[in-house]
Amino acid sequence: IRRIGVYTSGGDAPGMNAAIRAVVRTALYHDLEVTGIFRGYEGMIEGDFKNLVSRSVSSILQKGGTMLKSARCPEFRTVEGRKKAYENIKAAGIDALVAIGGDGTFTGAQIFSNEYNIPVMCIPGTIDNDLAGTDYTLGFDTANNTVIESIDKIKDTAASHNRLFFVEVMGRDSGSIALYAGVAGGAEAIMLPEKDTAIDELIEMLEVAKERNKTSMIVIVAEGDKNGGAYNVAKRVKEKFDFYDTKVSILGHLQRGGSPSSFDRILATRMGYFAVNELLSGNSQGTVGIRGSKITSTSLEDALKGKEFKLDEELITISEVMNI
Ligand code: ATP
């Protein structure tokens with residue numbers, strides 16, 4: 001391997017910059033060259049490349065988003081699109097890739113790597129924490145911290161006015177943020193896409209909390225909850241349980257931004273370092289992950305096949321016990 005191409009693709013997440021920095025500096029340490037591919041697969045198809053040196057990644061460690069930009073690129077799903085991408089890669093002398101993104105990004109990388117026999121290592125970057133092959137994805141910890149900060153603030157106002165707040169957090173298919181932030185923020189109830197809690201069941205939980213003379217209550221609703229999001233849940237609860245002043249807060253895209261937490265910076269740095277070393281030791285197709293406290297790799301095939309990411313059942317139970 002002489003030159004590594006690095007790109008970010010799909011939804012952005014805090015910690016992606018820290019991972020780019022680690023990939024670049026580890027590669028330079030091994031006397032490799034690095035090309036930054038801008039806007040993911042779109043930039044690969046258009047040849048939007050830039051040579052990266054150590055200084056190119058100065059002062060990005062602490063920044064959210066991604067300096068390489070990200071995009072969704074339907075053209076890369078086509079054989080012709082990928083052919084254009086390969087011609088650009090070849091012309092630039094890139095002979096290995098590091099992809100940072102979610103499972104769509106990984107799928108594209110796997111297909112491309114198989115078609116053109118180019119080694120690729122993937123780094124899981126998404127706030128949703130829903131990828132197989134790792135306990136944590138980049139950005140998840142930071143997003144949780146952002147959500148908790150918001151919950152704490154909402155609690156202040158809720159407690160002053162006897163309010164029942166429905167706070168919607170990101171996670172179309174995954175309740176990871178809802179569960180973690182719900183536990184860390186001391187929510188009275190958590191609505192997860194994986195659990196499918198009925199409105200009547202939720203009302204029962206709120207009745208119990210009311211019996212304990214709670215002056216305020218917070219319900220965390222994951223975006224992908226089957227009842228149709230926080231507004232719908234709030235409306236249906238209010239029809240039968242109208243004791244509190246009911247409010248809805250949708251946190252939205254602010255969950256994607258912000259300076260990465262210490263955990264995400266360290267995880268990103270370890271993963272970027274590991275990805276380059278794996279390529280150098282001959283791994284031709286894998287994802288990097290953290291298992292327990294160890295950084296490991298999983299073949300892309302296994303990581304994509306074993307997609308069904310499961311929420312921690314014990315943590316769900318704990319969240320219920322905490323509301324006794
Ligand atoms: P997130 O889920 O966090 O938004 P992601 O990486 O899953 O991130 P996607 O939009 O699903 O985001 O995928 C990113 C890009 O990867 C797509 O826009 C497309 O260019 C490429 N891609 C996804 N699936 C395929 C596929 N089956 N074949 C080729 N390319 C693909």
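Counting starts at 1 for both ligands and their atoms, following the listed order.
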Mind checking whether [X] contacts ligand 1 via backbone (N, CA, C, O), side chain (CB onward), both or neither, at a 4.0 Å heavy-atom cut-off?
X      : result
Tyr41  : side chain
Asp103 : both
Thr105 : both

Any idea which atoms of ligand 1 are less than 4.0 Å away from a heavy-atom of [X]?
X      : value
Gly11  : 1 (P), 3 (O), 4 (O), 8 (O)
Ile111 : 26 (C), 27 (N), 28 (N)
Gly102 : 5 (P), 6 (O), 7 (O), 8 (O)
Gly108 : 29 (C), 30 (N), 31 (C)
Thr107 : 26 (C), 27 (N)
Thr126 : 3 (O)

Looking at [atom], what's its closest protein heavy atom, distance included?
atom                    : answer
atom 22 (N) of ligand 1 : Gly104 O, 3.3 Å
atom 12 (O) of ligand 1 : Arg72 NH1, 3.1 Å
atom 15 (C) of ligand 1 : Ser9 OG, 3.6 Å
atom 17 (C) of ligand 1 : Cys73 N, 3.9 Å
atom 25 (C) of ligand 1 : Arg77 NH1, 3.7 Å

Is the distance between the ring centroids of Tyr180 and Phe140 under 6.0 Å?
->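 For Tyr180 and Phe140, the ring centres are under 6.0 Å apart.
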
Would you confirm whether the ring centroid of Tyr244 sits within less than 6.0 angstrom of the ring centroid of Phe165?
->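 No, the ring of Phe165 stays outside the 6.0 Å limit from the ring of Tyr244, centre to centre.
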
Within one Ile-Leu-Val-Met-Phe-Trp-Tyr cluster: [X] and [Y], side-chain cutoff 4.5 Å:
X      : Y      : result
Val237 : Phe243 : yes
Ile100 : Tyr273 : no
Tyr41  : Ile94  : yes

Report yes or no: do Ser174 and Asp128 form a side-chain donor-acceptor pair below 3.5 Å?
->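 The criterion, which ignores hydrogens and geometry beyond distance, is not satisfied for Asp128 and Ser174.
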
Do Asn88 side-chain atoms and Ile45 backbone N/O form a donor-acceptor pair below 3.5 Å?
-> yes

Residue Lys226 excluded, over 12 heavy atoms near NZ under 6.0 Å = yes

Counting only heavy atoms not in Arg2, do more than 12 fall under 6.0 Å of its CZ?
->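 Counting other residues, nucleotides and ligands, CZ of Arg2 stays at 12 neighbours or fewer.
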
Trace of the side-chain contact (heavy atoms from CB on, under 4.5 Å) decision for Leu32 with Val34 = CA-CA 7 Å; Leu32 304 175; Val34 189; 5.6 Å; no

Would you say atom 2 (O) of ligand 1 touches the protein, meaning some protein heavy atom is under 4.0 Å from it?
-> no

